[in-house]
Amino acid sequence: MIQTFPDKLLTGQSSREDVDEFLADREFPLVHDSLVTFVFRGEADSVELRHWIYGLPSSIPLSRLGHTDLWYRVMEFPFGSRIEYKFGVRRHGREEWLHDPLNPNIAPDPFGGNSVVRSSGCVDPEWSKPQENVSRGTLRRLVIDSEA
C-alpha cells in the first residue's frame, strides 16, 4: 500500500503546523489507483464514514492519526467508482452528519446533498453532458395558491 501520511505524522512527533502543511497542498479525499483515503480534521470522540454503497456496512469508523486531530480511513473501490458520503462526527454524546470540509465536491439532493469522490477512471457518462443538437431547458418560477 502507498504511504499516505508523512513519517512525522505517523510517529506522533508532529505539530499543528505539520498537519496544516500536510493538508495545504492536497485534494481530498486522496485517490491513488483503486485506493481512496478519507480524511477528517477536528476534535471528536469518533468519526465514521457514512455512505450508500450496496454490500458494505453503511457506517465505517475512521481512525485517529497518532496524537493529531486527523482521522482517516483507506478503502479500496473498483476502477471508475463514484462515491457519495458524509462524515458522522460524534462529540460529547451527540452525532452530527457533515459534508467533508476538505472536499468542495457536493452532489445536491433534497436532504442537503453529499460529498462526492471519484476513484481513478471515473468519467461522467455521455448522457449527462450538454448535447449540441439538444436545446437547453429553462426554469420558471411558478407560484400556486393553496389552502393546504
Side-chain angles (χ1 to χ4, degrees), residues 1-2 4-6 9-10 14 16-132 134-148:
M1 176 157 87
I2 187 166
T4 302
F5 301 101
L9 293 181
L10 295 171
S14 59
R16 185 164 185 80
E17 290 75 24
D18 293 329
V19 174
D20 292 341
E21 181 181 324
F22 170 74
L23 296 176
D25 62 351
R26 290 172 175 78
E27 291 182 17
F28 291 91
L30 302 170
V31 176
H32 185 273
D33 295 330
S34 63
L35 298 177
V36 176
T37 303
F38 296 90
V39 176
F40 176 82
R41 184 179 195 181
E43 286 305 321
D45 299 324
S46 65
V47 180
E48 295 181 338
L49 177 69
R50 302 288 186 150
H51 64 84
W52 297 266
I53 300 171
Y54 179 77
L56 292 177
S58 61
S59 179
I60 299 172
L62 276 69
S63 298
R64 185 184 291 266
L65 183 62
H67 301 292
T68 70
D69 60 353
L70 285 181
W71 298 78
Y72 75 99
R73 178 68 183 224
V74 180
M75 297 184 68
E76 187 168 7
F77 293 102
F79 184 79
S81 295
R82 179 185 176 279
I83 301 103
E84 290 191 26
Y85 67 99
K86 284 187 168 114
F87 287 129
V89 180
R90 185 168 290 282
R91 297 180 183 113
H92 311 293
R94 295 184 55 164
E95 185 179 30
E96 168 177 35
W97 286 24
L98 306 171
H99 293 140
D100 182 344
L102 299 173
N103 179 1
N105 301 308
I106 304 291
D109 71 19
F111 307 103
N114 299 302
S115 296
V116 176
V117 62
R118 291 174 164 91
S119 71
S120 295
C122 183
V123 295
D124 291 331
E126 286 303 313
W127 58 262
S128 70
K129 298 175 184 174
Q131 305 293 316
E132 287 184 29
V134 177
S135 61
R136 294 186 55 94
T138 58
L139 293 176
R140 291 185 299 158
R141 182 174 173 89
L142 177 63
V143 177
I144 300 174
D145 292 326
S146 171
E147 294 182 25

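Closest heavy-atom contact between S119 and G80: OG-N, 3.4 Å. Of all heavy-atom pairs between N103 and P29, the closest is ND2-CD, 3.5 Å. Listed here is the closest heavy atom pair of A107 and V116: CB-CG2, 3.4 Å.
For E21, there are no side-chain hydrogen bond (donor to acceptor under 3.5 Å, both in side chains) partners, not counting sequence neighbours. For P108, the side chain to side chain contact (heavy atoms under 4.5 Å, CB included) criterion is met by no residue, not counting sequence neighbours. Scanning for ring pair (Phe, Tyr, Trp, His ring centres under 6.0 Å) contacts around F77 gives an empty result, with sequence neighbours left out. Residues passing the side chain to side chain contact (heavy atoms under 4.5 Å, CB included) test with D45, sequence neighbours excluded: none. Evaluation of the salt bridge (Lys or Arg N to Asp or Glu O under 4.0 Å) rule for E96 yields R91 as partners, not counting sequence neighbours. Every side-chain hydrogen bond (donor to acceptor under 3.5 Å, both in side chains) that E17 has, sequence neighbours left out, goes to S15. For S120, the side-chain hydrogen bond (donor to acceptor under 3.5 Å, both in side chains) test picks out no residue, with sequence neighbours left out.
Every pair tested for side-chain hydrogen bond (donor to acceptor under 3.5 Å, both in side chains) that includes a residue from residues 137-148 fails, sequence neighbours excluded, so the list is empty. Listed by first then second residue, pairs satisfying ring pair (Phe, Tyr, Trp, His ring centres under 6.0 Å) with a partner in residues 34-63 read F38-Y85, F40-F87, not counting sequence neighbours. Sequence neighbours left out, the pairs with a member in residues 106-131 that pass salt bridge (charged side-chain N to carboxylate O under 4.0 Å, His left out) are R118-D124, E126-K129. For residues 25-37, there are no salt bridge (charged side-chain N to carboxylate O under 4.0 Å, His left out) pairs, not counting sequence neighbours.
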So I83 and M75, side chain to side chain contact (heavy atoms under 4.5 Å, CB included) or not? Walk me through it.
-> CA-CA 11 Å; I83 301 103; M75 297 184 68; over 6 Å; no
Given the rule in the side chain to side chain contact (heavy atoms under 4.5 Å, CB included) test, do V47 and R41 qualify, once you have shown the distances and angles that lead to the verdict?
-> CA-CA 10 Å; V47 180; R41 184 179 195 181; over 6 Å; no
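Taking the six-membered ring where the residue is Trp, F28 and F22 present perpendicular rings, their angle passing 60° and hence far from 30°.
Panel note: side chain W71, backbone G42; a donor-acceptor pair is recorded below 3.5 Å.
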Less than 3.5 Å apart, which donor and acceptor atoms pair up between the side chains of residues 58-65 and the rest of the protein, not counting sequence neighbours?
{"residue": "S59", "atom": "OG", "partner": "E48", "partner atom": "OE1", "Å": "2.4"}
{"residue": "R64", "atom": "NH1", "partner": "T68", "partner atom": "O", "Å": "3.0"}
{"residue": "R64", "atom": "NH2", "partner": "A44", "partner atom": "O", "Å": "3.1"}

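Rounding to the nearest 0.5 Å gives a distance of 12.5 Å between CG of N105 and CG of N114.
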